[in-house]
Amino acid sequence: MQSDFEWMVPIEVMLGSLNHGEVQACSISSVPDKLREANKDAYQPKEISIGPLHRGATRHLQLMEEPKWHYMREFLERQGTQPEQNRRSEIRLRECGIDILKLDQIICASYGGSNNKIIEDIESQEIAKIMIIDGCFLLELLIRLGDYMDNQSTTSYNSDPILKTEEKVLSVLNDIAMLENQIPFIVLKKLYRKVFPDGIEIKDDHRVANIVRKAFGYPLTSNSGGAHILHLMHLSTVEQNQQHEGKKGEARIIVLDFGVLEIPPLHVKETTEVKWRNLIAWEQSKIWIRCQYTSYALFFSGLICCGHDIELLLEKGVIVNELNKSNEDLLALFRTISNGAEHMDLSFSEICARLNVYDYKGMKINKVLQKIPIRTWHKCRCIFEMVEYYGRNWYNILIRDHIPTVWKFIGILAAAMLLVLTIMQTYYSSHNG
């Protein structure tokens with residue numbers, strides 16, 4: 001009789017998770033193909049896989065499984081703040097196993113959409129094993145990252161396989177920020193409380209959330225976290241942006257005829273694109289959260305249409321190119337950053353509407369030929385720049401390969417003029433005759 005209702009277990013799991021304050025159903029979902037097409041690498045971990053979705057996907061990710069075990073041992077052997085908190089790592093590990101196994105259903109509910117089938121095919125004990133290994137590893141890594149952020153030096157981590165170089169650190173930070181590379185935040189909180197017990201309720205325990213904030217350079221608060229690390233990053237940055245709104249000195253100004261356009265500076269760093277794309281993917285996976293990153297991407301996509309726009313925003317300090325990317329690479333980023341996004345909020349709609357009332361010089365549009373909004377004008381200018389670019393390249397090829405000397409150029413020019421004159425003479429002779 002029990003087997004007749006086995007098909008209802010996933011439904012019961014999802015319904016049960018809806019009433020759990022620390023968990024969000026379907027919070028770790030696959031990135032839609034429309035978003036993924038623009039830059040597949042932005043969603044595929046390169047150094048470390050977290051959770052079951054990318055586990056062992058590449059040879060390098062398989063090789064990095066061993067360092068996880070070393071990190072897990074270091075975390076389980078950490079000393080608590082009180083003597084009574086210090087227990088043998090074997091005892092802590094078993095306690096972690098008992099607690100995480102109890103979370104089996106809400107862990108499964110966290111992996112939504114097509115991912116849910118992947119989780120259903122994994123035994124409960126195997127899921128718990130993945131959560132414990134990756135969770136302990138992640139907590140130890142975040143603690144070390146926080147120390148690294150304080151010291152801004154990798155000297156003390158020369159033998160560490162992850163923190164030995166700044167390039168490696170940045171790559172790992174990118175991996176941790178990927179939507180498909182998440183585990184439920186409650187797993188991290190449960191594991192942390194086994195090593196560092198606290199008498200407060202888990203929903204009021206903000207210690208792990210602040211470890212994450214410190215590792216990523218966000219201000220520490222009393223907020224206890226979100227569905228996973230990426231969600232916490234979204235909450236931290238949206239709250240931070242709201243606090244900064246209206247403060248002078250934190251925006252760059254572009255003077256237009258109808259007033260001034262104030263835009264917060266965008267620092268393009270090693271982690272900018274991956275975080276931005278995955279935060280958009282997170283916003284697109286939910287219908288109830290504020291789509292600030294999606295709106296920001298669409299705003300820049302509408303504002304930037306050609307290389308000249310990039311130069312202007314760089315000059316005004318709106319874009320801070322810390323990576324020294326070429327203008328072409330920056331243009332490609334802004335053109336594709338919002339590709340595949342299907343819903344947004346109205347954060348920048350008023351600014352976009354006002355911009356489209358004016359032409360490029362900021363003057364109101366009165367004549368028929370001037371009734372072209374700024375975005376259309378930018379598109380035309382973009383086409384002109386493309387024609388100019390290819391024309392210049394063709395000219396250079398012509399001069400380099402076909403007209404290597406001035407005399408050959410004069411000869412070809414004279415031949416062309418003679419051909420034109422011959423055609424004109426033939427045309428007039430035929431009409432006069």
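Below, each value reflects all heavy atoms present in this structure, side chains not excepted, and no hydrogens, waters or symmetry copies.
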Salt bridge (Lys or Arg N to Asp or Glu O under 4.0 Å) against [X], all qualifying residues, sequence neighbours excluded:
| X | value |
| --- | --- |
| Lys68 | Glu65, Asp134 |
| Glu90 | Arg88 |
| Glu342 | Lys34 |
| Lys190 | none |

| task | Kindly assign one of parallel, tilted or perpendicular to the pair Tyr293 and His234, based on the angle between their ring planes and the thresholds 30° and 60°. | result |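 Answer is tilted, since the angle falls between 30° and 60°.
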
| query | Is the Trp282 ring parallel, tilted or perpendicular to the His228 ring (thresholds 30°, 60°)? | reply |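 Plane angle over 60°, so perpendicular.
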
Only counting residues at least two apart or in another chain, list the ones meeting side-chain hydrogen bond (donor to acceptor under 3.5 Å, both in side chains) with [X].
| X | result |
| --- | --- |
| Arg73 | none |
| Asn339 | none |
| Lys46 | none |

For [X], give me all partners under side chain to side chain contact (heavy atoms under 4.5 Å, CB included), at least two apart in sequence or on another chain.
| X | result |
| --- | --- |
| Glu315 | none |
| Glu273 | Asn39, Arg277, Leu333 |
| Ile211 | Leu142, Ile143, Tyr192 |
| Ala281 | Val31, Leu35, Tyr43, Leu179 |

| query | Can Glu311 and Lys316 be said to form a salt bridge (charged side-chain N to carboxylate O under 4.0 Å, His left out), step by step? | reply | CA-CA 9 Å; Glu311 293 174 3; Lys316 297 295 184 180; over 6 Å; no

| field | Aromatic Tyr71 / basic Arg144 pairing, under 6.0 angstrom, 45° off normal | value |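 Yes, Arg144 sits over the ring of Tyr71.
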
| message | Could you measure the distance from the CD atom of Gln125 to the NZ atom of Lys129? Nearest 0.5 Å is fine. | response |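 Interatomic distance, Gln125 CD to Lys129 NZ, rounded to 0.5 Å: 11.5 Å.
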
| query | Just wondering, are more than 12 heavy atoms of other shown residues or ligands nearer than 6.0 Å to CD1 in Ile287? | reply |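 Open: at most 12 neighbouring heavy atoms sit under 6.0 Å from CD1 of Ile287.
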
| Neighbour count above 12 (heavy atom, 6.0 Å) for Arg94 CZ | no

| In a check of side chain to side chain contact (heavy atoms under 4.5 Å, CB included) between Leu232 and each of Phe185, Tyr218, Phe216, which one passes? | Phe185

| message | What I want to find out is whether Arg92 reaches Glu77 closely enough, with some N-O distance under 4.0 Å, to be called a salt bridge. | response | no

| task | Using a strict cut-off of less than 4.0 Å between a Lys/Arg side-chain nitrogen and an Asp/Glu carboxylate oxygen, indicate whether Asp198 and Arg193 qualify as a salt bridge. | result |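 No salt bridge links Asp198 with Arg193.
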
| field | Closest heavy-atom pair and its distance - Ser124, Leu101 | value |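 Shortest heavy-atom separation between Ser124 and Leu101 comes out as O-CD1, 3.8 Å.
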
| field | Partner residues of Phe75 under the ring-ring contact (aromatic ring centres under 6.0 Å, His included) criterion, sequence neighbours left out | value |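 None.
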
